[in-house]
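Reviewing the structure listed below.
Residues: numbered from 1 along the sequence shown.
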Amino acid sequence: MKKIFYMIIFSSLLFANSSQHLEITSGDMGGCAYSQNGDLLAVFDNQNLLKIINLNTQDEVGIIKGKRLTSASFDKDSLYVGTNDGEILKFNQNGTHDKSVFDASSFGLDTSISYLKFKNNKLYAFVGKNTFISYDVATGKLHTIKLDKIYRVSSCIILDDMAIVTGWDRSVYEINLTNLQAKELFRTKSVVLSSQELLGDVVFGLANGEILTLKDGSYIKISDFGVKSLALIDDEIYMGLKNGEIYKSDLKFKDIKIYGANPDTVVKIFGHNKSIVVVMLNGKVKFNNKS
């Protein structure tokens with residue numbers, strides 16, 4: 001695959017006085033999810049505390065505490081939360097009225113839920129180290145496939161008809177969501193830390209500071225620090241780095257600029273109304289005015 005170099009153009013926008021801050025968690029961030037209408041943000045930390053924030057008012061609207069939480073995903077009306085002991089719990093969007101909708105032990109599977117995603121009226125996730133599940137909550141039907149060659153998953157993105165999964169061994173797999181057949185596509189130069197759907201394609205953020213598109217297979221150098229988060233907002237790609245920097249680019253990655261700097265690793269970026277919302281590993285959330 002041909003390596004392409006682009007000039008990195010620096011801008012002076014470093015969030016100056018155009019941002020607001022929230023401190024959501026007291027411990028390191030375990031993960032987060034935002035609602036389909038973009039109004040709610042669910043954040044959980046390594047102290048087993050999950051908070052639900054109304055992004056319009058920046059107020060806390062719900063708290064979930066108890067089991068060790070590992071992943072979260074919203075559907076239209078509910079919040080699904082995965083746990084370390086193999087359960088998926090369903091809550092109202094304010095964090096009340098929980099019930100267990102899936103228990104891995106009931107199906108003889110390993111425990112621990114990761115990369116949970118609600119899409120196409122189904123729950124998709126990894127159970128244990130490398131078993132991918134498709135679970136229909138309404139019917140209770142479960143389909144699984146074990147990716148034996150992957151000892152640990154590094155990213156998973158659910159598209160309309162397939163899942164793209166990467167491993168710490170640098171492998172990239174495609175899983176057909178209709179029949180749950182998997183095939184290995186290729187291996188990357190470095191471990192994939194993040195992935196994002198991009199107009200019928202997928203872009204990967206790598207541990208060596210490069211990005212890679214699924215279709216073109218071209219490596220583009222962004223930084224010497226790992227690309228921990230990716231987002232598509234208003235026809236621009238935002239890339240959050242392990243050192244707290246954020247870069248943004250046009251869709252063809254020909255005009256790459258530094259967007260800002262933060263005090264900790266950027267684990268999530270998304271757009272909300274007129275803001276770019278930045279979630280950091282230390283539990284802080286920044287609301288930056290779109291430029």
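- Connection of I113 to F126 is not established within any shared hydrophobic cluster, with ILVMFWY side chains joined at heavy-atom distances below 4.5 Å, either directly or through further cluster members.
- In this structure the side chain of I52 never reaches within 4.5 angstrom of the side chain of F91, judged on heavy atoms.
- The closest side-chain donor-acceptor pair between S100 and E87 falls under 3.5 angstrom.
- No donor-acceptor pair closer than 3.5 Å links the side chain of Y115 to the backbone N or O of V165.
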Check: Going through the checks in order, is the side-chain contact (heavy atoms from CB on, under 4.5 Å) test met by F287 and L55?
Finding: CA-CA 9 Å; F287 295 81; L55 294 173; 3.8 Å; yes
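- Residue I220 is grouped with residue L230 when hydrophobic side chains (ILVMFWY) are merged at heavy-atom distances under 4.5 angstrom, including chains of intermediate members.
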Note to self: Show, in sequence, the C-alpha distance, side-chain angles and deciding distance for Y173 and L185, and conclude whether the side-chain contact (heavy atoms from CB on, under 4.5 Å) test is met.
What the structure shows: CA-CA 6 Å; Y173 280 82; L185 302 178; over 6 Å; no
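- Checked by atom type and distance alone, the side chain of S195 never pairs as donor or acceptor with a backbone atom of F204 at under 3.5 Å.
- Ring planes of Y34 and F270: parallel class, angle under 30° (limits at 30 and 60°).
- Linking Ile, Leu, Val, Met, Phe, Trp and Tyr residues whenever their side-chain heavy atoms come within less than 4.5 Å leaves V172 and W168 in two separate clusters.
- Shortest non-hydrogen contact noted between F74 and S35 is CD1-N, 3.3 Å.
- The closest side-chain donor-acceptor pair between H272 and N56 falls under 3.5 angstrom.
- Side-chain atoms of K286 and N262 include a donor-acceptor pair closer than 3.5 Å.
- For the residue pair F118 and D75, the shortest heavy atom distance occurs at CD2-CB, 3.1 Å.
- Using modelled atom types, no side-chain atom of S112 and backbone atom of D85 make a donor-acceptor pair closer than 3.5 Å.
- With no hydrogens or angles considered, no side-chain donor-acceptor pair links N179 and Q181 at under 3.5 Å.
- Using cut-offs of 30° and 60° on the angle between ring planes, the pair F102 and F107 is parallel.
- Cluster annotation: Y135 is connected to Y80 through the hydrophobic network of ILVMFWY side chains, with a link wherever side-chain heavy atoms come within less than 4.5 Å.
- No side-chain heavy atom of L50 sits less than 4.5 Å from a side-chain heavy atom of I63.
- Put simply, the side chain of I164 does not reach to within 4.5 Å of the side chain of I158, judged on heavy atoms.
- With 3.5 Å as the limit, one finds no donor-acceptor pair spanning the side chains of S114 and S71.
- At least one side-chain heavy atom of S134 sits less than 4.5 Å from a side-chain heavy atom of L180.
- A donor atom on one side chain and an acceptor atom on the other are not found under 3.5 Å apart for S194 and S229.
- Under the 4.5 Å side-chain heavy-atom criterion for ILVMFWY residues, a single connected hydrophobic cluster contains both I145 and L177.
- At least one test fails for K119 against the ring of Y124: distance under 6.0 Å to the centre or angle within 45° of the axis.
- Put simply, the side chain of D250 gets close to the backbone of K254: a donor and an acceptor are under 3.5 Å apart.
- Within 6.0 Å of CG on D59 lie more than 12 heavy atoms contributed by other residues, nucleotides or ligands.
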Next item on the list: Please report the C-alpha distance between Y238 and Y259 in whole Å, then the side-chain angles of each, then the deciding distance to 0.1 Å, and finally whether the ring pair (Phe, Tyr, Trp, His ring centres under 6.0 Å) criterion is met.
Entry: CA-CA 8 Å; Y238 289 77; Y259 176 71; 5.3 Å; yes
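- More than 12 heavy-atom neighbours from other residues, nucleotides or ligands sit within 6.0 angstrom of NZ on K65.
- Inter-residue side-chain proximity for I157 and L159 is flagged as met; some heavy-atom pair is nearer than 4.5 Å.
- A salt bridge links D224 to K221: at least one charged side-chain nitrogen sits closer than 4.0 Å to a carboxylate oxygen.
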Next item on the list: Could you walk me through whether E245 and K242 pass the salt bridge (Lys or Arg N to Asp or Glu O under 4.0 Å) test, one step at a time?
Entry: CA-CA 7 Å; E245 290 182 333; K242 193 172 183 179; over 6 Å; no
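- I53 places none of its side-chain heavy atoms less than 4.5 Å from the side chain of L40.
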Notebook entry, point to check: Are K189 and E210 close enough, and set up right, to give a side-chain contact (heavy atoms from CB on, under 4.5 Å), and what steps lead you there?
Noted result: CA-CA 9 Å; K189 289 167 53 178; E210 294 180 325; 3.3 Å; yes
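- No side-chain heavy atom of F253 sits less than 4.5 Å from a side-chain heavy atom of D216.
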Note to self: Please evaluate residues K290 and S275 with respect to the criterion side-chain contact (heavy atoms from CB on, under 4.5 Å), reporting the C-alpha separation (whole Å), side-chain torsions for both, the decisive distance (0.1 Å), and the verdict.
What the structure shows: CA-CA 5 Å; K290 290 181 180 178; S275 298; 5.8 Å; no
Margin query: Apply side-chain hydrogen bond (donor to acceptor under 3.5 Å, both in side chains) to residues Q47 and D45 and explain how you reach the verdict.
Written below: CA-CA 5 Å; Q47 305 298 317; D45 62 17; over 6 Å; no
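- Distance alone, capped at 3.5 Å, places no donor-acceptor pair between the K268 side chain and the A231 backbone.
- The shortest distance between side-chain heavy atoms of L123 and K117 does not fall below 4.5 Å.
- At least one donor-acceptor pair closer than 3.5 Å links the side chain of R187 to the backbone N or O of D169.
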